[in-house]
Amino acid sequence: MNRCRPLTTAVLALTLTTGTALAACGGGNEAGEKNDGGAVTSQETRPREDTPPPREDTTPPREETSPKPPPEPPPEPPPKRSPEPPPPNEPAPQGEREEREEEAESEPPAPPVTESRSTVVERIVDGDTIEVSGDGEILPRDSSLRVRLLAIDAPEEGTCYSDEATARLEQLLPVGSTVRIERDKDLKDRYDRYLLYVWNEKGEFVNESLARTGHAEAVLFEPNDKHWPTISQAGDAAELNDSGLWSACAPETDTPTPPDTPPPADTPPPPDTPPPADTPEPATPEGTYPPGPPPGPDLDCSDLPGPVMVGTDDPHRLDRDGDGIGCE
């Protein structure tokens, strides 16, 4: 009697897979089966026809879970505060010291502070001459110097329109105001006056302004001609428009004298009428005054020590009454 226990479904499936017959009999071995006569017979393992097919996996497919949302970015760290400087007597930490050294190297050095002094108006001499204090650059510092405005010529003191020219210059350059000055090729003339272009506190070019309003005439004194085109154009416009001195000081037109009508031939001369005598010309006080300055940079009477002989040739227009003596 075969006492082998029935093979389970799992054993049969394993047998089919490996091709090896497994015996589950008590007291037997893996290679064969013991019969009643004690002989061991080998049996060829064959698949059973009635072996059921392997069961299909009926486990429902696992549902895919929705993807997890991306993790939120970590919060930004608070802005780094610049370290407070250590007390004056305590050294800064090593890290702070290096950061400060890097910042100091990246920033450009501050320009040195230098003292700047301006030219200040001290006095108005006439319509084209002033006195200023030096600025230490173009003019000597802390000195009262006489400045002649370049490329213009205002009426002399006591002549036509001189008071108006002086008053206009006082408006443009009030005493105590600061001015900007500029030199040309020649800084000084033979009379030790400084020759300059001047701008007032409002930025107005004073030389050009006096010529444009007719308070001075545009006159070129070579070689200083840097701003001559601007000043000469202003002077031409003033003359064309009869501005300032061009209308106030225009030469008067002399009324022509009618010709003498001779008396009739038969009219006797009036009794006791003396014969006409020639009127002598006034004697010129020769040698009384020194000779006037020669032609050159314009001079004013304030630049001379006293009256001078100018004769008929008066290049600086110093003779107010035409008697040959200037600056009387």
Side-chain angles (χ1 to χ4, degrees), residues 114-157 162 165-166 168-213 215-236 290-306 308 314-318 326-327:
T114 57
E115 183 180 1
S116 176
R117 303 187 63 180
S118 302
T119 303
V120 179
V121 178
E122 294 186 347
R123 176 172 171 254
I124 303 299
V125 179
D126 55 26
D128 53 23
T129 308
I130 60 176
E131 289 183 358
V132 301
S133 61
D135 60 349
E137 296 179 1
I138 297 178
L139 304 176
R141 188 187 298 274
D142 298 329
S143 300
S144 182
L145 307 169
R146 180 161 293 197
V147 173
R148 179 69 163 77
L149 303 184
L150 276 170
I152 62 171
D153 183 22
E156 299 297 330
E157 184 179 359
S162 64
T166 304
R168 176 57 180 166
L169 188 56
E170 290 175 347
Q171 293 177 353
L172 294 172
L173 301 176
V175 174
S177 63
T178 58
V179 297
R180 182 172 69 87
I181 59 177
E182 183 179 339
R183 61 167 295 175
D184 210 328
K185 299 179 180 67
D186 289 346
L187 179 59
K188 299 174 70 175
D189 61 9
R190 67 181 73 178
Y191 304 101
D192 207 35
R193 298 179 303 179
Y194 287 89
L195 309 174
L196 298 174
Y197 304 104
V198 179
W199 286 261
N200 62 13
E201 291 181 336
K202 298 179 180 179
E204 187 173 0
F205 188 14
V206 177
N207 306 53
E208 184 269 345
S209 178
L210 291 171
R212 176 167 39 83
T213 56
H215 289 88
E217 182 181 354
V219 180
L220 175 63
F221 299 104
E222 294 180 344
N224 295 331
D225 56 359
K226 184 175 182 179
H227 295 288
W228 172 243
T230 301
I231 297 175
S232 63
Q233 183 178 1
D236 293 342
D298 184 61
L299 284 175
D300 301 331
C301 289
S302 59
D303 301 316
L304 302 176
V308 293
D314 186 14
H316 301 281
R317 296 186 294 181
L318 304 175
C327 302

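Position 1 is the first residue of the sequence, and the numbers go up from there.
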- Message: Could you walk me through whether L187 and L195 satisfy the side-chain contact (heavy atoms from CB on, under 4.5 Å) test, starting with their C-alpha distance in whole Å, then the side-chain angles of each, then the deciding distance to 0.1 Å, before giving a yes or no?
- Response: CA-CA 5 Å; L187 179 59; L195 309 174; over 6 Å; no
For the atom pair [atom1] ([X]) and [atom2] ([Y]), what is the distance rounded to the nearest 0.5 Å?
X    : Y    : atom1 : atom2 : result
L139 : R141 : CG    : CZ    : 11.0 Å
E204 : R212 : CD    : CZ    : 6.0 Å
H227 : S232 : NE2   : OG    : 12.5 Å

- Message: Can you confirm whether more than 12 heavy atoms, excluding those of E182, are under 6.0 Å from its CD atom?
- Response: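 Check passes, neighbour count above 12.
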For residues [X] and [Y], report the shortest heavy-atom separation together with the two atoms involved.
X    : Y    : result
L150 : I231 : O-CD1, 4.1 Å
I124 : V121 : CD1-CG1, 4.1 Å
I138 : I181 : CD1-O, 3.8 Å
H215 : T213 : ND1-OG1, 2.7 Å
A154 : A165 : CB-CB, 4.2 Å
N207 : V198 : OD1-N, 3.1 Å

- Task: Identify which one of L169, D128, D153 satisfies the side chain to side chain contact (heavy atoms under 4.5 Å, CB included) criterion when paired with L210.
- Result: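 So, applying the side chain to side chain contact (heavy atoms under 4.5 Å, CB included) to L210 and each of L169, D128, D153, only L169 qualifies.
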- Which residue, I152, L196, L149, I130, forms the side chain to side chain contact (heavy atoms under 4.5 Å, CB included) with V206?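 Looking at I152, L196, L149, I130, the match for V206 under the side chain to side chain contact (heavy atoms under 4.5 Å, CB included) is L149.
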- Is any side-chain heavy atom of P140 closer than 4.5 Å to a side-chain heavy atom of L145?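 Yes - at least one pair of side-chain heavy atoms lies under 4.5 Å apart.
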- Determine whether V308 and P291 make a side-chain contact, defined as any pair of heavy atoms from C-beta on separated by less than 4.5 Å.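 A side-chain contact is absent here, since even the closest heavy-atom pair is not under 4.5 Å.
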- Message: Can you tell whether the side chains of K185 and E222 come within less than 4.0 Å, N to carboxylate O?
- Response: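 No.
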- Message: Is it the case that the side chains of S177 and E201 hold a donor-acceptor pair, with the cut-off being a distance below 3.5 Å and no angle test?
- Response: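 E201 vs S177: no donor-acceptor pair found between side chains.
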- Going by distance alone, is a donor N or O of one side chain under 3.5 Å from an acceptor N or O of the other, for S144 and E122?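 Distance-only check passes for S144 and E122.
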- N200 side-chain N/O to G203 backbone N/O, donor-acceptor pair under 3.5 Å: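 Yes; judged by distance alone, with no hydrogens or angles, the pair exists.
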- Task: Would you please test V120 and V132 for side-chain contact (heavy atoms from CB on, under 4.5 Å) and show each step?
- Result: CA-CA 5 Å; V120 179; V132 301; over 6 Å; no
[X]: what forms a salt bridge (charged side-chain N to carboxylate O under 4.0 Å, His left out) with it, not counting sequence neighbours?
X    : result
E157 : none
R183 : none
E131 : R123, R146

- Task: Under the side-chain contact (heavy atoms from CB on, under 4.5 Å) rule, what do S209 and L172 come out as? Steps first, then yes or no, please.
- Result: CA-CA 9 Å; S209 178; L172 294 172; 3.9 Å; yes
- Query: Which is it for Y197 and K226 under the side-chain contact (heavy atoms from CB on, under 4.5 Å) test, yes or no, and what are the steps along the way?
  - Reply: CA-CA 10 Å; Y197 304 104; K226 184 175 182 179; 4.0 Å; yes
- Specify whether F205 and W199 have parallel, tilted or perpendicular ring planes, treating 30° as the upper limit for parallel and 60° as the lower limit for perpendicular.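 Answer is parallel, since the angle falls under 30°.
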